[in-house]
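Report on the following structure.
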Number of protein chains: 2
Amino acid sequence: MASSTVENYLKEILVVTLETESSKVSMGQVSKVLRVTPGTATAMAKSLERDGWVSYYPRVGVSLTSKGKKLAMSMLRRHRLLETFLVETLGLDWSEIHAEAEELEHAISEKVLEKLDEFLGRPRFDPHGDPIPSKSGVIKRPASKPLSEFSENMSVRIESIVDQDKKFLKFARKTKLVPGQIFKILRVEECADAMTLKTTKGQSINLGLRSAEKVLALPFES
Amino acid sequence: MASSTVENYLKEILVVTLETESSKVSMGQVSKVLRVTPGTATAMAKSLERDGWVSYYPRVGVSLTSKGKKLAMSMLRRHRLLETFLVETLGLDWSEIHAEAEELEHAISEKVLEKLDEFLGRPRFDPHGDPIPSKSGVIKRPASKPLSEFSENMSVRIESIVDQDKKFLKFARKTKLVPGQIFKILRVEECADAMTLKTTKGQSINLGLRSAEKVLALPFES
DNA sequence: GACATAATTTTGATTAGTCAAAGTAGATAT
DNA sequence: ATATCTACTTTGACTAATCAAAATTATGTC
């Protein structure tokens, strides 16, 4: 049985792996995402390796074993299903579900999760638009890319918000910058580090490119 | 912040306090309900006292401080609301909800609990018929008593099942020995350690007195 | 009152997870 | 190629929670 600490390490290692698209995650990254000192991350890497969750390459980083990946995927599934439940069923605010799911995901059993999945109608995406891994651990990542990479005059459909920063999430919500919404890219000003979007209803939003990197979208054919 | 171990100790101490109706709980009882060795219970009693959750009287036992009682009540509330949710909303089996709620109760926040309470329509009793403490920690214990203490020819209304044993819960469910049901006590045979009940529909059930002690009921005036 | 028994406490040890601070190894720059 | 900087590892220490087994204290019996 993995402790919830182990579950957290594995989940975060998986998330970083998916984000960076490189199989090894450095101890620096691990210690940063888990908010522990580097020494702690190293110590943990060793015991994760001892228990067969990861391979540890000193001074390079860790990569998930298949056993580790399986558990990490299952954690991601729990997390995203719980977030869906918290928003859809209980009506919690979008900006607070992450922390809540973070706690609950370690306590919910496979059995309850299965019932919850059924109750929710087996959703395939969470409220952020991120895909929910299937029971067998398969995850379909749609070919979305950051808003910052689209060019002027394209229409896009928001897919997900990568960032978990509370303030940004609140802003995103207020401006309807949420999964499913359609926008047209009015202007992209590389030199001014900004872009302008327009909703289908004509409202326009100014977005720094830094923030635009955090919003994934698909091209939208109208 | 109390660890979930502390939460468990306090909750179980509260449950024993309510059951035995005496304010001090001996270390023997504590070590039994929490399935730890006596030495562990003693060590824990000291640190619970250090942190202001209980008063510890060496060689006598512990009693909850008001701070400890408050947290313990809140745990009981979480537990019972979660059990209600697991049965009512997710349709889990009566016999498996206890263990599930035991895990989830440490992970659910006040905010989510509040939303859950609202979603469930602010129930006042859990699926076992046990009262759910209010947010402020008030609990109404109905004046029910064990089936074994009723006499022949009385009609009773089942209030709750004290035991958490899986097999017994399954049996209880099958024979409709569940909260709300009405039975007539046909016979009580102290010497044979058994009693016979009859449902309103005429079916009869044989119950050992040992088991009858675990079923609480109220006299029922028809 | 002395002795056996049961309950409780002490003691010594272990594991998981953590930090601070000192040490080491690679990469980078001059 | 040497010095420096940064990332990583090691070391030593701490807390929470636990157990096993020895020591202690009540309790009840004769």
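Per chain, numbering begins at 1; letters A, B, ... match sequence-line order.
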Which whole-number value in Å describes the distance from B:L48 CG to D:dT18 P? 11 Å
Under 6.0 Å from the ring centre and within 45 degrees of the ring axis: does the NZ or CZ of A:K46 meet both conditions for the six-membered ring of A:Y56? no
Options D:dA17, C:dT9, D:dT9, nucleotide nearest the side-chain atoms of B:P58: C:dT9
Rounded distance in Å - CE (A:M44) to P (D:dT10): 16 Å
Is the CZ atom of A:R124 crowded by more than 12 outside heavy atoms at less than 6.0 Å? no
Phosphate-side-chain proximity, B:T40 and D:dC19, N/O vs OP1/OP2 below 4.0 Å: yes
Distance test, side-chain N/O of B:S3 to OP1/OP2 of D:dA17, below 4.0 Å: yes
Taking only N and O in the side chain of B:K46, is any of them less than 4.0 Å away from OP1 or OP2 of C:dT10? yes
With a non-hydrogen cut-off below 4.0 angstrom, is B:S47 in contact with a base, only sugar-phosphate, or nothing? nothing
Starting the side chain at C-beta, find the nucleotide from D:dT10, C:dT10, D:dT18 nearest to B:A43. D:dT18
Euclidean distance, atom CG of residue B:L34 to atom P of D:dT18 [Å, nearest integer]: 8 Å
Distance in angstrom units between B:Q29 CD and C:dA6 P, rounded: 18 Å
Out of A:R78, A:K70, A:R77, which residue meets the side chain to side chain donor-acceptor pair (under 3.5 Å) rule with A:S74? A:R78
Distance, rounded to the nearest Å, where A:E7 contributes CD and C:dA16 contributes C1': 15 Å
Would you indicate which nucleotide in D:dT10, C:dT8, D:dC8 comes nearest to any side-chain atom of B:M27? C:dT8
Reckon A:Y57 has a side-chain N or O less than 4.0 Å from the OP1 or OP2 of D:dT9? no
Identify whether the distance between the nearest side-chain nitrogen and carboxylate oxygen of A:K11 and A:E105 falls below 4.0 Å. yes
Mind calculating the distance between OH (A:Y9) and P (C:dA16) to the nearest angstrom? 14 Å
Does B:F85 have its ring centroid less than 6.0 Å away from the ring centroid of A:F119? no
With A:K111 as partner, the option from B:E100, B:E96, B:E103 fulfilling salt bridge (Lys or Arg N to Asp or Glu O under 4.0 Å) is B:E96
Interatomic distance where NE2 belongs to A:H106 and P belongs to C:dG17 [whole Å]: 12 Å
Would you mind classifying the nucleic acid contact of B:G28 as base, sugar-phosphate or nothing, using non-hydrogen atoms under 4.0 angstrom? sugar-phosphate
When you get a sec, tell me which of C:dG17, D:dT9, C:dT18 is the closest nucleotide to the side chain of A:V36? C:dT18
Within the structure, does a side-chain N or O atom of A:T5 lie under 4.0 Å from either OP1 or OP2 of C:dG17? yes
OP1 or OP2 of C:dA16 under 4.0 Å from side-chain N/O of A:R50: yes
Regarding C:dT24, can its base be found pairing with the side chain of A:R59 as donor and acceptor, where the two atoms are less than 3.5 Å apart? yes
Separation of atom NZ in A:K24 from atom P in D:dA7, rounded to whole Å: 19 Å
Taking for A:T42 and for B:D51 the nucleotide of DNA chain D with the nearest heavy atom, the one nearer the 5' end belongs to A:T42
D:dT9, OP1 or OP2 - any side-chain N/O from A:Y56 closer than 4.0 Å? yes
May I ask you to say what B:S31 touches in the nucleic acid, namely base, sugar-phosphate or nothing, with a heavy-atom cut-off under 4.0 Å? nothing
